[in-house]
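Below, chains carry the letters A, B, ... as their sequence lines are ordered, and counting in each starts from 1. Only this structure's heavy atoms are used, side chains among them; waters, hydrogens and symmetry mates stay out.
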2 protein chains.
Amino acid sequence: MPATSTTSPTGRPAPSASRQHTLRERNLRLVAAAVVEATVPPSRADVAAATGLTRATVSTLVDRLVAGGLVAELPPVAAQRAGRPAVPLVPARRTVVGVGLEVNVDYLGVRVLDLAGDVVADRVERGSFHDSDPGHVLGRLREIAHGVVSDVEGAGMRAVGARLALPGLVDSHDGRLEVAPNLGWSSLDPRDLLDLRATDGTPLALEVANEAKLAALAELAGDVPSSFLYVSGDVGVGAAIVVDRQLFLGDRGWNGEIGHVVVDPAGPRCTCGALGCLEQYAGKEAVMRAAHLPDDAPLAELVELLLGHDGGANGAARRAARALGSALADFINLVGVPTVVLGGAFATLEPWLRDDVVATLGERVLAAPFVELDVRAAQAGERAALTGGAREVLRSVVADPAAWV
Amino acid sequence: MPATSTTSPTGRPAPSASRQHTLRERNLRLVAAAVVEATVPPSRADVAAATGLTRATVSTLVDRLVAGGLVAELPPVAAQRAGRPAVPLVPARRTVVGVGLEVNVDYLGVRVLDLAGDVVADRVERGSFHDSDPGHVLGRLREIAHGVVSDVEGAGMRAVGARLALPGLVDSHDGRLEVAPNLGWSSLDPRDLLDLRATDGTPLALEVANEAKLAALAELAGDVPSSFLYVSGDVGVGAAIVVDRQLFLGDRGWNGEIGHVVVDPAGPRCTCGALGCLEQYAGKEAVMRAAHLPDDAPLAELVELLLGHDGGANGAARRAARALGSALADFINLVGVPTVVLGGAFATLEPWLRDDVVATLGERVLAAPFVELDVRAAQAGERAALTGGAREVLRSVVADPAAWV
DNA sequence: CTGCAATAGTTCAGCCGTACAACAAAACGC
DNA sequence: GCGTTTTGTTGTACGGCTGAACTATTGCAG
């Protein structure tokens, strides 16, 4: 909450008067980021060299971060060379944690991560939330979350915020959910129904976002370029734009709606009312139907057929891949980011999608001769939005450590 | 040049150590922006109130900006109320100027603007640069630019930088032109052929960008939302994304290629090799042909026919508008910015395009029920890229006044 | 084993830029 | 004409960073 109260719609900090303590805040952030993003635990001297600050300044800043529980010191280890051994600095474990929450069509989830990226708690409850009652479902999520937060705080950790992932259009200004077709929810503020509190009663800052967008952020934990497009295949097809390791949200966060990009104006009618949307070719129901499976067949069944070289399933995959390639070509031509990460069901199906997607991109992306197009499967695993949400909370702590130390 | 040397690919400043003078730089920018962006000339006290700085601090900063020629004081005018009369502050006129350059298919242009937004110099040379020689054309542009810069500097002004607009794919990292189909140019660095110098021999910082993108920036001079999509119709169809009054450049600046978005996969073959690109419906040649005019007919001729309610011309306009609406719907669904500014020939044709574009957007934009879609004609006038380029130079001065005072 | 070089981290004076408060300047109004 | 009001300036205090000197702890050469 404090971290975002002075940010513009797109998340960029609004310019305001800089005072002495602004220096402190900025340099604290710089040092915290240097420690968190380092691949090998740096010493104070390493941080000084990396940031351009003096060792003296880094020392005082690090001391503050250690006191605040954001950074921890490892026992000094003698290097292979002369000189006093360095004290390696690492993101603190089990001190400050972020909470990821999700309501999706077939499960509720809560996942808690610490600054080291460790999963501290993970709870999933399966169910069927098609056309469900928001108050009831969010009430249940609240119970689960409250239990998890109690456990975590009982173990001495501090929950600093939560992100709720929803499969629908979320307004990034006010966190309202405009519509979530597959849940049957519309026009509500989840924070009215899900006020989370720490055990001492203080409210836990909660922000709401689209599921695909938080799932995209989970990829940042792995080896991925700093800018990429993320496309998540599920019942719907959602996408996210990540630039310089940050979500690009457009005007109010309702972007990345690649599921309704035109593939063929003479194509089948979509649930949105238009004709030939991508979802009618690469959405779960369309793919299952094309593979002669029931609409709601599990993904594993399709994979089974594909592994057995079933003609119908392969045809369905190729049709989906061609359509996906066409829509992604538009995406790349418009946004200008040449790396595509396939998430959700597309990650599982990547071996059967990749070639046709790449071929279509090669034909339709105008800049194809000048840049290397890169299509790859997501790495974040199951229910990535939970990880992404929790990570995002922790990122906001690192981005504004002054508020937490 | 100094302003961008430490910026990331997308133009966001790379974080680095903050020192005392960082405060100065940031607050100088804040004050300069407050003066430049104000609608009515503010006093030092007004600026202090707007920025949150104290009057004392604002005074020293303003004095510096005045000394550097970025800000000027108007004679104090007695307000209608008690108190010492304020000294109104305005962007300085005819002191610091930015240079916009452009090579397009049918003209070369140079335009010089000062901080007040006044056009200080404007020179256009018509010609035909289809399949032209880059060295020759840029050499000629260099001559014209050199003459203009000499005049301007002779009048006591200081040219602080230049932007060159080209109708093609420009790499925003290194300023190289990858390809400009209508000029027949490819793979060259315009700065090798166009090194500009002030009269005293010091080189003038030159950056290169796509024509539609600089034209989009020219809109910021008028009454336009802080985020919008800009679509420019010409021989090709180009676009730009402006968010928070800044260009969004994706990974390397080759975005906004809306001309090659899929309108109909069964449509006519495009020069890019793919089928049914927007350019085959809304590009100049396609529209002229559909209106039964020669490919290279002047726009005025089409307008004439449209004003006369010519059936063929109207059909061509509607076909173009439907296709444009379809591609723009994709654009909006993907990027999430609901305001569209029609530029270039589309600005002239806006009366005949708007209704069909708006109708198509209403059908295909997923968020249409929740946000107000806004389609409007560009305001910047002829050869907007020149204005946008010059403005962009001046914006970079205001964004980093410390480098210039 | 001893002393020296090398590296890490700490201490302290100095500097710089902003805040705060008092003050000077220039209007209005009764 | 004098108090009031608002603008802009002056001087002091304070906070945060730098730079240099200093301490701590290692490796290595002799």
Side-chain N or O of A:Thr54 versus OP1/OP2 of D:dT18: is the shortest distance under 4.0 Å? yes
Residue-phosphate contact under 4.0 Å: A:Asn27 side-chain N/O, D:dC17 OP1/OP2: yes
Atom-to-atom span, [atom1] of [X] to [atom2] of [N] - whole angstrom:
| X | N | atom1 | atom2 | value |
| --- | --- | --- | --- | --- |
| A:Arg24 | D:dC14 | CZ | C1' | 13 Å |
| B:Leu30 | C:dT18 | CG | C1' | 13 Å |
| A:Arg19 | D:dC17 | CZ | P | 16 Å |
| B:Leu61 | C:dT18 | CG | C1' | 9 Å |
| B:Arg26 | D:dC17 | CZ | P | 14 Å |

Return yes if some donor-acceptor pair links the side-chain N/O of A:Arg245 with the main-chain N/O of A:Leu220 below 3.5 Å, else return no. yes
Within the distance-only criterion (no hydrogens, no angle test), does the side chain of B:Asp244 pair as donor or acceptor with the backbone N or O of B:Gln246 below 3.5 angstrom? no
Describe, as an angle rounded to 10 degrees, how the axis at the first end of the helix from C:dC1-D:dG30 to C:dC30-D:dG1 is tilted relative to the axis at the last end, five pairs per end. 10°
Just verifying a value: how many Å separate B:Ser18 OG and A:Leu53 CG, rounded to the nearest 0.5 Å? 7.5 Å
Contacts of type side-chain hydrogen bond (donor to acceptor under 3.5 Å, both in side chains), residue B:Asp223, not counting sequence neighbours: none
No-hydrogen, no-angle side-chain donor-acceptor test under 3.5 Å, A:Thr202 and A:Arg197: no
Compile the donor-acceptor pairs under 3.5 Å between side chains in residues 31-49 of chain B and protein atoms, sequence neighbours left out, one pair per line.
unit_1	atom_1	unit_2	atom_2	d
B:Ser43	OG	B:Ala45	N	3.3
B:Ser43	OG	B:Asp46	N	3.0
B:Ser43	OG	B:Asp46	OD2	3.2
B:Arg44	NH1	B:Glu73	OE2	2.9
B:Arg44	NH2	B:Asp63	OD1	3.1
B:Arg44	NH2	B:Glu73	OE2	2.6
B:Asp46	OD2	B:Ser43	N	3.0

Which pairs with one or both residues in residues 81-90 of chain A pass side chain to side chain donor-acceptor pair (under 3.5 Å), sequence neighbours excluded? none
Output a table of donor-acceptor pairs, distance under 3.5 Å, between side-chain atoms of residues 86-100 of chain A and any protein atom two or more places apart or on a different chain; print 'none' if there are none.
unit_1	atom_1	unit_2	atom_2	d
A:Arg93	NH1	A:Asp118	OD2	2.4
A:Thr95	OG1	A:Gly69	O	2.6

Which letter, B, S or -, goes with each nucleotide of nucleotides 2-15 of chain C from 5' to 3', with contact meaning a protein heavy atom under 4.0 Å? ----BBBBBB----
